[in-house]
Trainee: 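I have a structure here, written as structure tokens, and I will follow up with some questions on it.
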Protein chains: 2
Amino acid sequence: MVAGDADIAPIAALMGEPARAAVLMALIDGRALAASTLAAEAGVAASTLSAHLARLVDGGLVSVEASGRNRYFRITRPEVADALEALARLAPCRPIRSLRQGTHAEAIRRARTCYDHLAGRLGVALLDALVAGNVLRVEEDPGGRPDPVLGAGRSQRYVLTKTGKARLGELGVDVETTARRPLTRYCLDWSEQRPHLAGALGNTLLSRFVDLGWVTRGERRVVQVTDAGRTGLARDLGVAAGDWA
Amino acid sequence: MVAGDADIAPIAALMGEPARAAVLMALIDGRALAASTLAAEAGVAASTLSAHLARLVDGGLVSVEASGRNRYFRITRPEVADALEALARLAPCRPIRSLRQGTHAEAIRRARTCYDHLAGRLGVALLDALVAGNVLRVEEDPGGRPDPVLGAGRSQRYVLTKTGKARLGELGVDVETTARRPLTRYCLDWSEQRPHLAGALGNTLLSRFVDLGWVTRGERRVVQVTDAGRTGLARDLGVAAGDWA
DNA sequence: AGGATACTTCGCTCAATCCCGAAGTGTGAC
DNA sequence: GTCACACTTCGGGATTGAGCGAAGTATCCT
């Protein structure tokens, strides 16, 4: 390899180990997670993961923040998430080894949670419906630099419209509650390769849907849409019929 | 890790071995290179590289084309180059071990090819000049989802203007020739961290510059700007003076 | 045909590192 | 103070795979 060329091997090697890859993918949405959570996610012993995390930190991909007896790890900068996304776009989805995994793989593509909001075909259809129904307006962000936290708020912005605020109010969604997080943000859906709604509003909507009994959260991030949800989503939010329920 | 998540580990592992990374970086400009060339590039025995290449092909990152007793390898699709660039943006540049490497490192930052178009300070200056000279117009792309091809065509678009078409025509660049690829596309420059022009137009311009004797392609992706190129680029395209020649 | 070249396959060695459990360190809870 | 908990460090076992050269196959040249 040519000197002066960027040396991608060490970085790629960090991402190329299953446990570390699992950690990074778990952190890709910008959350800070504790070591023990990550160990469970990666399916390895705490001691093993500790070594992996040390290497990720050493490699500059992940940073630590100590809080009491916990240590919270997060991805250091958006370029890391970019690279992970670029790899994910390249990666085949993991092979299906059992019928159960097969139905799970299908289910998770249909509707799942991503961090604290909806994703999969349902998540994408929801965002489409909110835009089509003038609840959200798409704006280009002239500042255009990749945004640090929460996945992929790139140079596009979704803004809640006045009518949108009213419509959501009718649905019992109080838009004012949240202050610290950006209200709207999008997140590139790995299975659909299209954006879905993230941010505080994505979170609030998911909670509200659960409260309304429109969706129920299953195992491993899978989400089921109920009959009430099917009709409610179509009637109140105009979510187009599709293979998301 | 949850089944159904994209499994980036195997792909990243393919890129995470120094010899394979060297091969991929050598192929990142889209050329097809023979196995022996790549072995020299990577600095390993032919037999070793053969195994590496087999794995890259098996992993879908690289494709082979047999031609006589040679086998030519190339990167299968632009998404692979995308991922490599995303990793390169993350990677520290490798330490410089010799004067020769030092000058090369400088040269490659100054002007190089990336895939099939110009990059480095020259590539960035060129795109700036095309925009400043109203050859290309920047548009925000409302369709806004990240675009698969050639680097990072995010939600920004470069559109060829009418005057630009005329200007390029005077330069002997036939803009109509290309149909299958998007005409303009940008690619984030890993050394400059700013976009340079990719896409069919980027390719056509590079070819034309070579035909005009404005630039010559050196070894290892380095590009030299000739005296004619210096004056021509400034006069005909308004490329601002800078440390790119 | 005979030899050179390009590449792959095979057999082997050796180093890296992945993994775990046990023990150690520091913090929070009672 | 004492226990529980979160995490790291250490020691040792097992696996992986990167490396080379030699031999094998296919192609090109003369």
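We name chains A, B, ... by the order of the sequence lines, and we start the count at 1 in each one.
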Trainee: Is there side-chain contact between A/D82 and A/E85, with heavy atoms separated by less than 4.5 Å?
Mentor: no

Trainee: Under the 3.5 angstrom rule, does the side chain of B/R20 hit a backbone N or O of B/H52 as a donor-acceptor pair?
Mentor: no

Trainee: CG/A/L87 to CE/B/M15 distance, rounded to the nearest 0.5 angstrom?
Mentor: 5.5 Å

Trainee: Could you tell me the boundaries of the chain A footprint on DNA chain C, defined by atoms under 4.0 Å from its heavy atoms?
Mentor: C/dT17 to C/dG28

Trainee: Could you state the CG-C1' distance from A/L38 to D/dA6, rounded to the nearest angstrom?
Mentor: 13 Å

Trainee: What string of B, S and - do you get for nucleotides 14-21 of chain D 5' to 3' if you count protein non-hydrogen atoms under 4.0 Å?
Mentor: ---SSSBB

Trainee: Angle between the two end axes of the helix from C/dA1-D/dT30 to C/dC30-D/dG1, five base pairs per end, rounded to 10 degrees?
Mentor: 30°

Trainee: Can you list everything that forms a side-chain contact (heavy atoms from CB on, under 4.5 Å) with A/T216? Sequence neighbours excluded, please.
Mentor: A/Q224, A/T226

Trainee: How many whole angstroms separate atom CZ of A/R69 from atom P of D/dC3?
Mentor: 15 Å

Trainee: Can you find a pair of side-chain heavy atoms, one from B/L33 and one from B/V23, that are under 4.5 Å apart?
Mentor: no

Trainee: So what does A/A54 touch, heavy atoms closer than 4.0 Å: a base, only the sugar-phosphate, or nothing?
Mentor: nothing

Trainee: My understanding is that only residues two or more places apart in sequence, or in another chain, count here; which of them pass ring-ring contact (aromatic ring centres under 6.0 Å, His included) with A/F209?
Mentor: A/W214

Trainee: May I ask you to evaluate whether A/R71 reaches the phosphate of D/dT8, defined as a side-chain N or O under 4.0 Å from OP1 or OP2?
Mentor: yes

Trainee: Would you kindly give the CD-to-P distance between B/E65 and D/dT27, to the nearest whole Å?
Mentor: 16 Å

Trainee: Within the 4.5 Å heavy-atom criterion, are A/L61 and A/R55 side-chain neighbours or not?
Mentor: no

Trainee: Looking at side-chain heavy atoms only, is the closest gap between A/L130 and A/L126 below 4.5 Å?
Mentor: yes

Trainee: Taking only residues two or more places apart in sequence, or in another chain, which ones meet B/D211 in a salt bridge (charged side-chain N to carboxylate O under 4.0 Å, His left out)?
Mentor: none

Trainee: Tell me, do A/L27 and A/V80 make a side-chain contact under 4.5 Å, heavy atoms counted?
Mentor: no

Trainee: Using a 4.5 Å cut-off on heavy atoms from C-beta on, say whether the side chain of B/L205 contacts that of B/L118.
Mentor: no

Trainee: At under 4.0 Å, does any side-chain N or O of B/N70 touch on OP1 or OP2 of D/dT27?
Mentor: no

